[in-house]
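Down below is the structure, laid out as structure tokens.
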Amino acid sequence: MGKVYYVSKNVGLGMLVLAVAALATIIALSIAYDKERAKNRGKPGDEATDSTSMPPPPTTPFIPKEPWDHYRLPDSLVPLSYNVTLWPRLEPDARGMFVFTGHSAVVFRCVKETDLIIIHSNKLNLTTFYGHHAKLTGLGKATVPTIQKSWLVVKTEYLVLQLHSRLAVGSLYLLYTEFLGELADDLQGFYRSEYIEDGVKKVVATSQMQATYARKTFPCFDEPAMKAVFNVIIIHDRATVALSNVQPKIKSTLDSVIDGVPVSVTTFEPTERMSTYLLAFIVSDFVKIQSTQNNSLLVRIWARRKAIADRQGDYALSVTGPILQFYEHYYNATYPLSKSDQIALPDFNAGAMENWGLITYRETALLYDPMLSSTGNKERVTTVISHELAHMWFGNLVTLQWWNDLWLNEGFASYVEYLGADYAEPTWNIKDQIILSDVHKVFAVDALASSHPLSRREEEVNNPAEISEMFNTISYSKVRSSDRISYLNTFAFNNTVYTDLWDHLQKAVENTPGMHIPHTVHNIMNHWTLQMGFPVVTIDTRTGSITQKHFLLDPDSVVDRPSQFNYTWFVPIKWMKTGVEQQQYWLLQKTVSGEDWVLANTNVSGYFRVNYDLYNWDRLLSLLSTNHQALSIINRAQIIDDTFNLARAKIISTTLALRTTKYLSKERDYIPWDSALRNLDYYILMFDRTEVYGALQAYLKKQIQPLFEHFKTITANWTKVPTKHTDQIHPNLKSTVYCSAIAFGGVEEWDFAWRMFKNATLASEASRLRAAMSCTKAPWLLNRYLEYTLDPTKIRKQDATSTIQYVARNIVGMPLAWNFVRARWGYIFQQYGKGSFSFSNLINGITKRFSSEFELQELKKFKEENLHVGFGSATLALEQAIEKTTANIKWVTENKAHVLKWFTEESK
């Protein structure tokens, strides 16, 4: 019998409202990978193709006929445990290839009669036994059928064994395989990372299994619901250390000689029951710093020797302990493992990955130098660590059943990362930045007709590209809190679907005396998770009416996806009247009227935009002009963001939105300014190639001048660090200084930055230089830089697509990057797009400025001409780019004259 949990009425209602509001939270990281290097790769160029390119689409849709034609595993077999041995070679073989060898034995139970064994295997050369790719034995009294034949299915990435007779329900069997794979530099599965230290090239064997790459390391049942216990042995060079999810067994690392090679053999403790995508295997000569928490938990930070020697891991170690302690209290559950390793990798395509007990990071997300890194670098390290540690419970202990419910993992972690970071650094007020980092960001995507619900139907998410496409802003940022404790206890070491969460919330409501909600938790929450988008709530203070409507950035766009709820939501509204908080109400239960100013969605507690009658807008704008601090920082940012987007949707006038920026000459807080600049950035992108740009610059200079003078004063003309500011100014200014120097310089300055970039020993410094080099105004330098992105000896594969985006951000570089990507799409897609989570960012980054009919036609032509190549995880991004460009064309046509007139008049 499950335990019953009681919560206070206020706390319970608070938890429910947070969940109902589905507050958008962080995108934090875009988990992204590349596909394995093509064996017969051609030289990248305008006509680059290779033997592994995708074939032209068939004239008729592919209809699965056999079990191995489906991307989802049959439900006849359930794995219990694996014994996996891996031996990565950190030196190339006679063919110049880096490889790994290994063998695996998986014990599974038959739960439905079948004469087929279907298990994932991708890009592995399997040893044959008597003509078959595996050996099958029975355990206990199980009679083992003989293998009739075996084969590999490339499309669905399966090893299939056809048996002469059926497996018996309830019996246990063992499937043994031996294999060889390439330790490629493709950033997925078991792969290699390279770096130079003290003039010596060093190689790391590391891994990235999420979402579908464990099968590239060893044959396995590679779905999140197929949890098992893993017993791992790693064979490695004696000068290296082997790491995995759990600790090595005591005195288990033994020296040996295998095939004439002196090696060490490290045997690890059995893991907890876990999913394949959370496995991690690493071999390197990295070193560590460590601490032990009060509960004897071992916390370690691993990195390159020089990085540790320069104390770049110290800050990460100092915040990991407090964040873990916070989560143990927050979840009311101790950390499930005996150690917490975190490692910074030179090559890693995601921001970080929550492998259970061995979290992998980009160096920029884990390493921090107090003398050279900026405050922004420090904030990133804290929030990414907090996000990944949150997964140790929510995602790893309790895991999604299938990738259509990815938001159960990422959405919750994206919210609580702010709580953990706030606990570690309470003076930062970082929780307020949820509005900037998440709410405003997800609004921009979820307001498109091509958006998607938080939870898709399982049949909509099947192949690796569709799975990768789920790792987007919606899944990460459109979610909030829940009744976490009983949920975690009930589903520990198991899998779950979203309805399990609603069940536990409903129990909390029913067991809290006096709590009332208008409908069941299932009904309320399904409105938010099973349909895309969000409402704009309109309050008319003249009539007292409150209405809602599906908010679309382009009101003329057509919503093709039907909704069983007709795009209506249960909306809990927190509001204030003339500065006084009012009782919270559910939409349509209360009317609001009067002559006083009204503000709804206080502190952006709900996931919706707010519109008012013109009289109330005028009252709010007057308040901003005379006493802006009467409104919270968050609500000042909200008013700006809501008005600019309401204007783009033609709900209010563009000039009304622009009027919200007039008070900024008096604003001294960061969050409202950031909200304004993010929204004005759209105007810059739309108009920086037109005469509007000059007037816009003049207006911005006028508004920013008082802020500049303010900081000039408190820094004594930029000579001292102001009171309560502990950061050093110079590292925070480096990005701007570097970019300006490159922009106003020539080839000499660019080449100097390139040398500094190649010699940088701090990852965040290298990242700043890499972005700055895209600021040059010389087309030939930008074209040369674009060519560098296809050479991993110059630009690491993990940085290639973001570097192209940096170039596209430059007004000179945008057409160059667009031409570059179009000309080399086949090669770029082959290398980076087939299963990459963040590949969609490339399309988004290049097309941000598109606002002409010519650019729209080019975009559509690009789509048509590359259907035979494909777009992978960027498929939805391409559709959204076409939708956004169409909307941009309309907006520019309708608003250019008004905007020019307004900026011209207000800049005087």
Side-chain angles (χ1 to χ4, degrees), residues 374-376 379 427-429 432-433 435-436 440 579 597 599 617-645 647 653-685 687-688 692-737 739-740 743 898-908:
S374 69
T375 303
E379 180 184 306
T427 63
W428 290 0
N429 296 323
D432 289 347
Q433 293 195 33
I435 306 307
L436 298 176
H440 292 175
W597 62 264
L599 179 78
W617 275 124
D618 285 339
R619 288 192 286 265
L620 288 174
L621 292 178
S622 176
L623 181 65
L624 285 175
S625 177
T626 58
N627 184 22
H628 66 276
Q629 292 182 332
L631 299 174
S632 70
I633 293 173
I634 291 176
N635 280 123
R636 300 198 304 262
Q638 170 214 10
I639 287 173
I640 294 170
D641 194 67
D642 276 353
T643 55
F644 271 84
N645 284 275
S653 68
T654 299
T655 53
L656 174 57
L658 290 171
R659 285 170 58 198
T660 64
T661 67
K662 292 181 66 174
Y663 95 97
L664 287 173
S665 59
K666 304 173 184 178
E667 182 64 80
R668 300 295 178 263
D669 285 299
Y670 168 74
I671 289 178
W673 262 109
D674 190 81
S675 179
L677 293 175
R678 289 186 189 211
N679 280 285
L680 286 170
D681 185 59
Y682 176 74
Y683 286 63
I684 293 171
L685 290 172
F687 295 127
D688 63 0
V692 177
Y693 189 56
L696 189 160
Q697 281 186 310
Y699 175 73
L700 278 178
K701 182 179 179 181
K702 175 184 175 183
Q703 295 301 90
I704 290 172
Q705 188 69 35
L707 186 66
F708 177 85
E709 297 297 336
H710 167 74
F711 283 107
K712 182 178 179 181
T713 299
I714 68 173
T715 59
N717 197 24
W718 314 107
T719 62
K720 70 175 185 178
V721 177
T723 305
K724 295 184 179 179
H725 285 244
T726 57
D727 56 305
Q728 296 185 4
I729 294 176
H730 296 300
N732 296 337
L733 295 176
K734 281 185 175 181
S735 294
T736 301
V737 171
C739 181
S740 298
H898 301 296
V899 170
L900 176 60
K901 180 181 178 183
W902 194 90
F903 279 131
T904 301
E905 292 177 350
E906 294 298 330
S907 59
K908 294 177 181 177

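One distance of note links NE2 of His710 with CD of Glu667; it measures 10.5 Å at 0.5 Å rounding. Atom CG of Leu707 and atom OH of Tyr670 lie 12.5 Å apart (nearest 0.5 Å). For the atom pair Leu621 CG and Leu656 CG, the distance stands at 6.0 Å (nearest 0.5 Å). Between Leu631 atom CG and Leu599 atom CG the span is 6.0 Å, to the nearest 0.5 Å.
For an aromatic pair to be called close, the ring centres must be under 6.0 Å apart, and Tyr682 with Phe644 fails this.
When every heavy atom of Asp641 is checked against every heavy atom of Asn645, the shortest pair comes out as O-ND2, 2.8 Å. A pairwise comparison of heavy atoms in Ser665 and Arg668 identifies O-NH1, 3.0 Å as the closest pair. When all heavy atoms are compared, the tightest approach of Ser675 to Ala637 is OG-O, 3.0 Å. Counting all heavy atoms, side chain and backbone alike, Thr661 lies closest to Gln703 at O-NE2, 2.9 Å. Annotation for Leu900 and Ala695: closest pair CD1-CB, 4.2 Å, computed over non-hydrogen atoms.
Relative ring orientation between Tyr683 and Phe903 is described as perpendicular, the plane-to-plane angle rising above 60° on a 0-90° scale split at 30° and 60°.
Salt-bridge formation is detected for the pair Arg636/Asp669: a Lys NZ or Arg NE/NH1/NH2 atom is positioned less than 4.0 Å from an Asp or Glu carboxylate oxygen.
Among pairs with a residue in residues 898-908, those fulfilling salt bridge (Lys or Arg N to Asp or Glu O under 4.0 Å) read Lys662-Glu906, at least two apart in sequence or across chains. The list of salt bridge (Lys or Arg N to Asp or Glu O under 4.0 Å) pairs with a residue in residues 620-634, not counting sequence neighbours, is empty.
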query: Checking side-chain hydrogen bond (donor to acceptor under 3.5 Å, both in side chains) for the pair Gln638/Asn635: CA distance, chi angles, key distance, verdict?
result: CA-CA 5 Å; Gln638 170 214 10; Asn635 280 123; 2.5 Å; yes
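Of the listed residues (Glu709, Lys702, Lys701), just one forms a side chain to side chain donor-acceptor pair (under 3.5 Å) with Gln705, and that residue is Glu709.
No more than 12 heavy atoms of other residues, nucleotides or ligands lie within 6.0 Å of NE2 in His898, so this atom counts as exposed by the packing criterion.
The shortest distance between side-chain heavy atoms of Asp674 and Leu677 does not fall below 4.5 Å. Between Leu658 and Thr643 there is no side-chain heavy-atom pair separated by less than 4.5 Å. Using a 4.5 Å cut-off on side-chain heavy atoms (C-beta onward), Ile704 and Tyr699 make no contact. A 4.5 Å side-chain heavy-atom check between Pro672 and Tyr663 finds at least one atom pair inside the cut-off. For the pair Val737/Lys734, no side-chain contact is recorded, criterion being any heavy-atom separation below 4.5 Å from C-beta on.
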